[in-house]
Amino acid sequence: MYEGKPPSSAGRKGWSFDALFGRSAVDDPAAVPAAQVPVLAGPDDAPPTDLFGRIGGFLRTHRLDPSPINYDLAYQYIGGHDPALVASVDAAIARDGLLRHDVAQEIAEAASSRVSSDLLGKLIDQAHRSVTLAAALVGQSRTDARAYGSALDRGSAAIEAGGEPAGRALELMAELTRTMIDKTNDAERRLVEMGSQMSSLQGELAEAQAVAESDPLTGLANRRAFQARLARAMAQAAAEGTPLSVAFCDIDHFKSINDNHGHDTGDRILKMVAEALVEGVGEDAFVGRFGGEEFLILFDGIMARRAAMRVDEVRDELSGRHLVSKTTGEPLGTVTFSAGVAQLLVGEDDGAMLRRADEALYAAKNGGRNRVIIHGEE
């Protein structure tokens, strides 16, 4: 077993957004059975008051903090702008009795990824049309050039044969040349315009791609982008016979952090852990957010023990920080995480390797948290 220091026993003091919302004990859904939790009318019901009031009511009912992500989610749901989002929220409320914070975040992230993917598709279609138009223009210019060459040949032959007065033939050839020059200039102008449009599209495509593959809160690669990167790295490792390892990291007692200090503080802690991982594991590692409070790290060309040592250094540094609430100034104690590491086996697919890393993570959790364990060394 490879493990770090034991978890800290520092206490925590909480704060919440109750004052902002004007909550009372009666408003707390935790004080009544789930079946009795009032559910805000959906987008198809009669609007109770103004939009802002309905958004506030939605957040208050489901104990969601007034963050930009939650406001946007409430706006999209109440307005019915995204049918898939509405269906997901309704299903979550029907299942749990209210919209939990972690579920709301997953729905918002999925909606963000879906919008980005739609935008990416539109930009790709637009780029395809521009390329097709440019190819057609080049083809037409080639046809015009061939026709011009043929006409010059015919004019030259007519002069040589004496079938056409030389003056008239030269006049026709000069007129033909002017026409060709105009066509060439027009084609060049249009190609320059298309080049400018393609450069703009290239930048927009890159931006849309980055948004579609990024976690909106931390800026890390999202699950889809991480798994795509992992698949490429695994194929290369198998072809070259080089080692590859992954680490699953999970923030300890994260639900308690949200419950005691509010989800806004929880979001800040997620970003803090993300930054600590990126800065601490090395430039040759790739960090992604798998979802919720879970992070994945890809160590390409690195064996499990060395990867575990890097992760444990981050864990040790993070557990030594004494955090204070930016809002109230109250101490928050320490934040720790547990991690499981697995090294790629011969013939293993990504799903099997991630499952082994997840098993090692659970072993770290069950072993007391705030530690790093390598699969097979429990």
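Treat the numbers as computed from the prediction; the structure is a model and nothing was measured. Worth knowing before you read on, the calculation uses all heavy atoms, side chains too, and leaves out hydrogens, waters and symmetry mates.
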- [ ] Verify the cluster assignment for I302 and L244: are they in a single hydrophobic cluster under the rule of side-chain heavy atoms below 4.5 Å apart?
- [x] no
- [ ] Check whether more than 12 heavy atoms from other residues, nucleotides or ligands sit under 6.0 Å from atom CE of M303, and answer yes or no.
- [x] no
Open item on the list: Check this for me: does any side-chain nitrogen of one of E359 and R355 sit under 4.0 Å from a carboxylate oxygen of the other?
Closed with: no
TODO: Run through the side-chain heavy atoms of Ile, Leu, Val, Met, Phe, Trp and Tyr, join any pair under 4.5 Å, and report what else lands in Y362's cluster.
DONE: none
Task: Results of ring-ring contact (aromatic ring centres under 6.0 Å, His included) for F290 - residues two or more places apart only - done: F248
Task: Positive for side chain to side chain contact (heavy atoms under 4.5 Å, CB included) with V103, one of L98, D96, V89 - done: D96
- [ ] Would you kindly say whether T218 and D215 are connected by a side-chain donor-acceptor distance under 3.5 Å?
- [x] yes
Open item on the list: Filter on salt bridge (Lys or Arg N to Asp or Glu O under 4.0 Å), then keep only pairs touching residues 272-284, sequence neighbours left out; what's left?
Closed with: D284-R310
Task: Under the side chain to side chain donor-acceptor pair (under 3.5 Å) test, residues paired with K271 that sit two or more places apart - done: none
TODO: Check ring-ring contact (aromatic ring centres under 6.0 Å, His included) between F337 and all other residues, then give those that pass, not counting sequence neighbours.
DONE: none
Open item on the list: Whether D312 and R315 form a salt bridge (side-chain N of Lys/Arg under 4.0 Å from carboxylate O of Asp/Glu) is what I want to check.
Closed with: yes
- [ ] Could you tell me whether K255 and E293 have a side-chain N and a carboxylate O separated by less than 4.0 Å?
- [x] no
Open item on the list: I'd like to know if the side chain of D250 pairs up with that of S338 as donor and acceptor (distance under 3.5 Å, no hydrogens or angles considered).
Closed with: no
TODO: Indicate if L296 and V273 have the same hydrophobic cluster label, given that clusters are the connected sets of ILVMFWY residues with side-chain heavy-atom separations under 4.5 angstrom.
DONE: no
Open item on the list: Using side-chain heavy atoms (C-beta onward) and a distance below 4.5 Å, is F58 in contact with T61?
Closed with: no
Task: 4.5 Å side-chain heavy-atom contact, L99 and L64 - done: yes
- [ ] Scan for side chain to side chain donor-acceptor pair (under 3.5 Å) pairs involving residues 228-244, sequence neighbours excluded, and state none if there are none.
- [x] Q236-E240
